[in-house]
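Below you'll find the structure, written out as structure tokens, and then a few comments.
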Amino acid sequence: MEYRGYDSAGVAVADQGRVSVAKRAGKLANLEDRIEEIGADKLAGTTAIGHTRWATHGRPVDENAHPHLSYDGKVAIVHNGIIENFAALRAELERDGVELVSETDSEVAAHLMAKAYNEGETAGDFEASALAVVNRLEGAFTLLFLHADHPDRIVAARRSTPLLIGVGDGEMFLGSDVAAFIEYTKEAVELGQDNVVVIDRDGYRILNLDGSEATGRPFTIDWDLEAAEKGGYDSFMMKEINEQPAAVRDTLAGHCQDGRIVLDEQNFSDEFLKSIDQVFVVACGSAYHSGLLAKYAIEHWARVPVQIEVASEFRYRDPVVDARTLVIAISQSGETADTLEAVRHAKSQGAKVLAVCNTNGSQIPRESDGVLYTHAGPEIGVASTKAFLAQVAANYIVGLAVAQAKGTKYPDEIREIWETLEEIPGKIEPLLEAAGQCEEIAHHLGALPTMLFLGRGVGFPVALEGALKLKELAYIHAEGFPAGELKHGPIALIEDDLPVVVIVPSPRGVPQLHSKIVSNIQEIRARGAKTIVIAEEGDTAVEPYANWLIRMPQTSTIMQPLLATVPLQFLAAYIARECGNEDIDKPRNLAKSVTVE
Ligand code: M6R
């Protein structure tokens, strides 16, 4: 689970009337060292909880690592999310003489649990105490409680952050993601909002917050362990870049039947799609960049206005959405809190929400009116690669479905676009060979201070994505611009040897666009920049102006991002290594799934 956070890690084991804890700041390897230091036998037992942290409240130091122990040493908790009323709860505990030892919001839950178990109405009752505590918490949380007096069970709760049960034979698991227990069982159960679950080795019981019985949704995990491992590559990211042909192919599979685009969702009938008068896309990071491409595709094919907004901004500015608005929420993890809140806001305004998501059983599809799954498989590297390309492909499926429903494209035109889309996986394959060239370019550039990315039309979101990859992996300042904007300011940044990546549109597309970007390349070269040009095979016009030229197979203009992005992923990974960042799967300060706002 380290990909969800790696600022610190810890475990607690309940056995023979006591709870033992080991925890350490830093990656999991530090925790392993710590366990060796204290002796693994000190952590013997059959009921345990563990946590890898992404710091929200409190620095990434040992004291703030989870699990947190209660004042009497009998309760251990781990927590994902943010307890919004922790300050008031902390003050209350301090008034009662409890000494808090961490800076986290989470620690209050351990002490509240001990108090509920030791005093008053719920005294001696583990489950009732957990319910009482959870009912007092505000915010988003997945909480696991372990109690020294009940070493045969774990009580857990969730609100707005993920928690799944893994059902084994004589053993039970809980995890924020199936990756936590996929090695042991493929049978899982999804919990509802505000559920509490009690597990012991033989089974599970799900409760509502009022203590009444609830039910979960059982499902079988279709990922295998191997898919979640590196498969011979030196990093998950490299493996995932190489899996992109399959990710796009699997995402497209089954969505065109007898020449008709199929969304698989009752709620998104042709009648509804025909009735919409605007589309809103909400997403974050790379998913947002894929959403920018949805705008180009949907407006071009379906002639419906599309607005796109970073999810964290959406609900705070009162956007105009109503029952005739289709909101597309794009998220690899399906757990991104900003996107989830945007979904909730859109629904409260009467809009219908279609999730584009890579993770079965996650929160965003569950709260949306329908879902179009991307089939990229598990993406473990924090930097999104195959999920991004799969999102672009899925967005194009939506664009075609809307065009089909509205009749803005003839069936034969839709078929033709679909055929071009279906050729993309085969065209990504030769681009995977560009890895060596990208490594050489990275080696030549070394640890550079800054880098610019330019594109026009659909090349602009690709430029943004390339810059984001470089920032997050190599910790280098990078910016993406529409090439036409250069002359309005950014050209002042150009100086000798500044590396500039240029994504060149096809000369077979809009010819003016191609010749304009060729002029842009000349302008920056004249000012000393070193150009890394990404252009299609046969485009000879760019050759004189490229310090390095990366070729991609020919395709239609709108499909080009599905190809042009690939070398930018390699470039970012290799430049990161040149900068000494070996662990490209886990860049600093980030987490794969950002479940806080
Ligand atoms: O899981 P999501 O797709 O909702 O995540 C959104 C972003 O946090 C994510 O794309 C992030 O920007 C990636 N680290 C980019 O590589």
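Sequence positions, counted from 1, serve as the residue numbers for this chain.
- Gln332 and Ser384 share no donor-acceptor pair across their side chains, judged by distance under 3.5 Å alone.
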**Criterion salt bridge (Lys or Arg N to Asp or Glu O under 4.0 Å) on Arg34 and Asp62, from CA distance to verdict** = CA-CA 11 Å; Arg34 172 68 186 148; Asp62 288 355; over 6 Å; no
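- A salt bridge links Glu341 with Arg344; the closest basic N to acidic carboxylate O contact falls under 4.0 Å.
- Classification of Arg577 and Asp234 as a salt-bridged pair holds, one side-chain N sitting under 4.0 Å from a carboxylate O.
- Counting all heavy atoms, side chain and backbone alike, His79 lies closest to Ser106 at ND1-OG, 2.7 Å.
- Between the side chains of Gln244 and Thr385, no donor-acceptor pair of N or O atoms lies under 3.5 Å.
- Checking Thr104 against Asn64 by side-chain atom types alone, no donor-acceptor pair falls below 3.5 Å.
- Counting heavy atoms from C-beta outward, Pro162 and Asn80 have side chains that approach closer than 4.5 Å.
- Remark: the Gln193 side chain and the Glu367 side chain contain no N/O donor-acceptor pair separated by less than 3.5 Å.
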**Asked** Could you go step by step and tell me if Phe268 and Asp369 meet the side chain to side chain contact (heavy atoms under 4.5 Å, CB included) rule?
**Response** CA-CA 8 Å; Phe268 294 91; Asp369 297 289; 4.0 Å; yes
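- No donor-acceptor contact under 3.5 angstrom links the side chains of Asp96 and Tyr71, judged on distance only.
- With Thr47 contributing its side chain and Ala14 its backbone, the two residues share no donor-acceptor pair below 3.5 Å.
- Between the side chains of Ser286 and Glu465, at least one donor N or O lies within less than 3.5 Å of an accepting N or O.
- Side-chain contact, Lys115 with Ser70: no donor N or O sits under 3.5 Å from an acceptor N or O.
- Under the 30°/60° scheme for interplanar angles, the aromatic rings of Tyr117 and Phe126 are found to stand perpendicular.
- Between Leu100 and Phe86, the closest side-chain pair of non-hydrogen atoms is not below 4.5 Å.
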